Number of protein chains: 2
Amino acid sequence: MLIRINTASRHSVDGHLAALAGERVFCSEFKYRGGTEVFGEGEEAEYVYQIISGTVRTYKLLEDGRRQINSFHLPGDMIGLENGATHRFTADAVVETKVSITRRCSLLEVIAHRKAGTRNLLGLVTRNLQHAENHVLLLGRKTALERVAAFLLEMDERQEHPNVMILSMSRRDIADYLGLTLETVSRALSILRDEGFMKFLGTTQRQLVLLDRIGLAQLDT
Amino acid sequence: MLIRINTASRHSVDGHLAALAGERVFCSEFKYRGGTEVFGEGEEAEYVYQIISGTVRTYKLLEDGRRQINSFHLPGDMIGLENGATHRFTADAVVETKVSITRRCSLLEVIAHRKAGTRNLLGLVTRNLQHAENHVLLLGRKTALERVAAFLLEMDERQEHPNVMILSMSRRDIADYLGLTLETVSRALSILRDEGFMKFLGTTQRQLVLLDRIGLAQLDT
DNA sequence: CGTCGCGTTGACAAGGTTCAAATTTGGTGG
DNA sequence: CCACCAAATTTGAACCTTGTCAACGCGACG
């Protein structure tokens, strides 16, 4: 069990929750070290979270340890809003991550009183739905190379096409996201590097530069 | 383009849309033959549909023809409610299917005026989200046999555990739902039959009886 | 009675996994 | 600043599950 520290400070990311909640909602900030759990599958969904900085992975586990990562959440994303009383998956910080926390009941209360909120809230949920639908297509019908190309393009887009892309997650995380093994991910990345679609920066394997976004998009199909 | 016939008759399935929309909403009924399209990916999302009888598959296609079925929709299910202006996937009738049609704008109008509607509408969307999340786990991390076992259990549950389960979809449909080939599905079903988990009824391959639901659930993991 | 769609089964190929080892990287303490 | 160690990543080789291609059976329907 974590102790949540309430801070009155406003954060720099003026995201959806803040917009929805306005000033009236109790809203605190919290920091997680890399590898620590934000919430667990089956736990009571008391809080709703919005990423300020860092990366969160949400995933489900099978009994024998197989893990499927549903999504990586970057700054601005909201997680933890459930329809039922409990979380449907586990979320933990990939690297050091700051989040903004709102009580679920506070959020729903505000929405109930503001008609305008309905549309936005629905939008937050359907965004997750859309992502899941695209991921189903990727997992069901794409090859390893297509999946890795799609992953790079997704991260590139969500980081707003930076010159240098920084991957905060390990090869295993990527593999569990793409329904592959870490070795297959590594091989696919090597192929993409050798074929000139991208290159690693210096000696690191977590910073890279996309050299041919159009080519990657064609690979993705 | 289809001509939609407005009928004032109430249908037997008293589903969510009817409950949400009440009596004030223009609500018509329509019948599709098996194999015909209900709506297409990218089309304007003018109507929201609820299945009265039959089965609808929703899917996406890749350029080279690979198909991933997102979901099979049975009586009571709602489809076609999008956040944006267009449908994110194609939907077509698997067998002869009756649907109840409501104008999207009528539905949203009613919801906007009734606070109680928000919760229900959110529920309709999060149900789809939950299904997609479970499907991501299946596609990303389960073996062929586990997938087919999970499929049988899903259909069994959604048909409310009938003695005789009727599959309205072909092996190819099942395969495109489970991210497999039709041959692999056929082989998996043969294994499940040979091992006594289920049997086909008579000489048919679309009617079957589950003999060991607990065993199937263990297979599914 | 022939044809067509659907399903099953077999043989083989291939993409991805598994197991193993080499290499690199990043962190820690001297 | 450097040596050392643990963790992460890459690479290789054998293996295995699933896909591909093909043949065959069965029932529906003209």
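Order of the sequence lines fixes the chain letters, A, B, ..., with proteins taken first and strands second; residue numbering starts at 1 for each chain. Atom set for the values below is all heavy atoms of this structure, side chains included, hydrogens, waters and symmetry mates excluded. Here the structure is a predicted model, which is why all the values come from computation and not from measurement.
Proximity of A:Thr90 to A:Leu61: side-chain heavy atoms (C-beta onward) are nowhere separated by under 4.5 Å. Here the side chains of B:Phe30 and B:Tyr47 are not in contact, with every heavy-atom distance at 4.5 Å or above. Counting heavy atoms from C-beta on, the side chains of A:Arg206 and A:Ile166 never come closer than 4.5 Å.
A salt bridge is absent between B:Asp220 and B:Arg213; no separation between the charged side-chain nitrogens and carboxylate oxygens falls under 4.0 Å. Using a cutoff of 4.0 Å between basic side-chain nitrogens and carboxylate oxygens, A:Arg158 and A:Asp77 are scored as salt-bridged.
When heavy atoms are screened at a 4.0 angstrom cut-off, A:Gly202 is found touching no nucleic acid atom at all. Using a 4.0 Å heavy-atom distance criterion, B:Arg147 is classed as making no nucleic acid contact.
Taking a 4.0 Å limit (strictly below) on heavy-atom distances, residues 183-195 of chain A reaches DNA chain D at A:Glu183, A:Ser186, A:Arg187, A:Ser190, A:Arg193.
The structure places CZ of A:Phe72 at 8.5 Å from OG1 of A:Thr55, a figure rounded to the nearest 0.5 Å. To the nearest 0.5 Å, atom CD1 of residue A:Ile69 and atom CG of residue A:Asp173 are 4.5 Å apart. Interatomic distance, B:Ser71 OG to A:Glu133 CD, rounded to the nearest 0.5 Å: 9.5 Å. Rounded to the nearest 0.5 Å, atoms OH (A:Tyr177) and OG1 (A:Thr58) are 9.0 Å apart.
Place A:Thr204 and A:Ala144 on DNA chain C by their nearest nucleotides, and A:Ala144 ends up nearer the 5' end. DNA chain D is contacted by both A:Arg141 and A:Gln205; A:Gln205 maps to the nucleotide lying nearer its 5′ end (nearest heavy atom per residue).
Comparing the start and finish of the helix from C:dC1-D:dG30 to C:dG30-D:dC1, five pairs each, the helix axis swings through 30°, to the nearest 10 degrees.
The outermost nucleotides of DNA chain C lying under 4.0 Å from heavy atoms of chain A, listed 5' to 3', are C:dG16 to C:dG26.
Rounded to whole Å, the distance from CZ on B:Phe200 to P on D:dG27 is 14 Å. Straight-line distance from the CD1 atom of B:Ile174 to the C1' atom of D:dT18: 17 Å, rounded to whole Å. If you measure from atom CG of B:Leu178 to atom C1' of D:dT17, you get 16 Å, rounded to the nearest angstrom.
Between B:His135 and B:Glu154, the side chains place no donor N or O within less than 3.5 Å of an acceptor N or O (distance only, hydrogens not considered).
The two residues B:Thr36 and B:Asp92 come nearest to each other via the heavy atoms O-CB, 2.9 Å.
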